[in-house]
2 protein chains.
Amino acid sequence: MTDASTRPERRPTRQRAALSDELAGTAEFRSAQDIHASLSASGTRVGLATVYRNLQAMAADGEVDVIRTTEGESVYRACASEQHHHHVVCRGCGLTVEVTGDAVERWAEAVARDHGFSHVRHTLEIDGLCAACAVRDPR
Amino acid sequence: MTDASTRPERRPTRQRAALSDELAGTAEFRSAQDIHASLSASGTRVGLATVYRNLQAMAADGEVDVIRTTEGESVYRACASEQHHHHVVCRGCGLTVEVTGDAVERWAEAVARDHGFSHVRHTLEIDGLCAACAVRDPR
DNA sequence: TTATGTGCAAAGGGTTTGCACTCCG
DNA sequence: CGGAGTGCAAACCCTTTGCACATAA
């Protein structure tokens with residue numbers, strides 16, 4: 001586990017700052033490419049590789065959450081909660097709400113142990129159509 | 001949803017059969033590349049593209065389950081249960097056990113609805129170290 | 001000064017696709 | 001015979017990496 005007190009301090013750079021600002025500005029999960037394009041569009045020149053490298057670092061430090069989309073893209077988001085939580089994401093607009101589910105955590109842990117597993121981890125993501133999108137396209 | 005009764009029938013081919021056999025022979029999630037290599041090794045010539053195409057088709061028909069690994073690979077497995085279920089996978093040896101969790105399903109559905117979401121779906125995977133692997137390497 | 005961070009472009013790795021050929025029905 | 005299925009190789013796409021240059025400490 002990456003511990004804040006042990007973590008080697010990282011040098012503050014213009015690029016890193018721009019990245020943080022960009023992330024602070026949106027509430028949806030976004031891809032590295034998307035973020036990079038956004039920065040470029042707003043005149044902030046940052047190498048794509050730098051975006052990837054920093055995003056990974058920030059993820060490792062728990063500054064941002066990462067999700068692997070079904071299409072195989074990693075999308076990032078600065079989350080409100082520092083603690084372990086899950087997300088309900090709108091398939092239509094990307095609206096994201098954070099939720100915690102102790103019951104689920106315990107269930108996963110228990111089920112795994114029942115089968116002789118230890119060092120249990122889990123991933124859980126929920127997606128659907130938010131109220132607004134459901135009205136717009138009531139599939 | 002792909003309905004068996006509506007699904008356009010697929011032509012039986014040597015390749016498809018080989019693929020099914022291969023899948024029937026293992027209990028772990030395997031990548032398309034891995035499966036392809038296995039077939040080649042056993043003398044069964046099948047194009048890699050064909051493996052990918054069939055695996056996708058089978059997944060769409062619910063004949064096999066797919067999981068996206070953290071490394072961005074899709075891994076496939078012929079499951080015992082036809083119904084919706086989740087997996088507990090051993091990080092050490094790949095041992096996989098299928099589990100159902102009605103409580104979790106209901107929780108996800110409820111949480112999403114509480115936030116105004118509809119057409120809810122979810123993905124949940126659990127991983128850990130199986131008893132055997134825990135002994136071998138008690139991390 | 002000097003190690004860390006950045007940029008660029010090339011390389012990687014898994015997956016998809018175009019197109020001509022095969023083979024089931 | 002006609003079209004679904006296949007093989008091969010090229011194309012794709014996201015991501016990572018090597019290396020020379022820039023920069024915070």
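Chain identifiers are assigned alphabetically (A, B, ...) following the order of the sequence lines, protein sequences preceding nucleic acid strands; residue numbering begins at 1 within each chain.
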Proximity to the side chain of A:L48 - top-ranked nucleotide from D:dT15, C:dT6, C:dG5: D:dT15
Using OP1 and OP2 only, check whether a side-chain N or O of B:S31 sits under 4.0 Å from C:dG14. no
Proximal nucleotide (of C:dT15, D:dC8, C:dG5) relative to the B:S74 side chain: C:dT15
What I'd like to find out is whether the side chain of B:R121 reaches to under 4.5 Å of the side chain of A:R91, using heavy atoms alone. yes
When rounded to whole Å, the CG to P distance for the pair B:N54 and D:dA4 reads 15 Å
Out of D:dT17, D:dG5, C:dT15, which nucleotide sits closest to the side chain of B:E73? C:dT15
When you measure from the side chain of A:R45, which nucleotide among C:dC8, D:dA25, C:dT6 comes out closest? C:dC8
Rounded to whole Å, CZ of B:R53 lies from P of C:dT17 at a distance of 10 Å
Any side-chain N or O of A:Q56 below 4.0 angstrom from OP1/OP2 of D:dT15? no
Find out whether A:L95 and A:V89 are in side-chain contact, i.e. whether some heavy atom of one side chain is under 4.5 Å from a heavy atom of the other. no
Between B:E71 (CD) and C:dG13 (C1'), how many Å, whole number? 12 Å
What is the distance, to the nearest angstrom, from the CZ atom on B:R68 to the C1' atom on D:dC14? 10 Å
Compare the minimum distances between each of D:dA24, C:dT17, C:dG7 and the side chain of A:P12, then state the nucleotide with the smallest one. D:dA24
Taking only the side-chain nitrogens and oxygens of A:R14, find out if one of them lies under 4.0 Å from OP1 or OP2 of C:dG7. yes
So with a 6.0 Å cut-off around CZ of A:R45, is the heavy-atom count from everything else above 12? no
Starting at OH of B:Y52 and ending at P of D:dT6, how long is that distance when rounded to a whole Å? 16 Å
So, is A:T13 close to the C:dT6 phosphate, meaning a side-chain N or O under 4.0 Å from OP1 or OP2? yes
When you get a sec, tell me which of C:dG5, C:dG14, C:dA9 is the closest nucleotide to the side chain of A:A49? C:dA9
Find the distance A:Q33:CD to D:dC13:P and express it as a whole number of Å. 10 Å
What is the distance from CD of B:E9 to C1' of C:dC24, rounded to the nearest Å? 11 Å
Measure up the A:H86 and A:H122 rings against each other and bin them: parallel (under 30°), tilted (30 to 60°), perpendicular (over 60°). tilted
Of the listed C:dA3, D:dG5, D:dT6, the closest approach to the A:R11 side chain comes from C:dA3
Between B:D65 and B:R77, is the closest basic N to carboxylate O distance under 4.0 Å? no
Separation of D:dC8 C1' from B:Q15 CD (nearest whole Å): 14 Å
Examine C:dG7: is either OP1 or OP2 under 4.0 Å from a nitrogen or oxygen in the side chain of A:T50? Give yes or no. yes
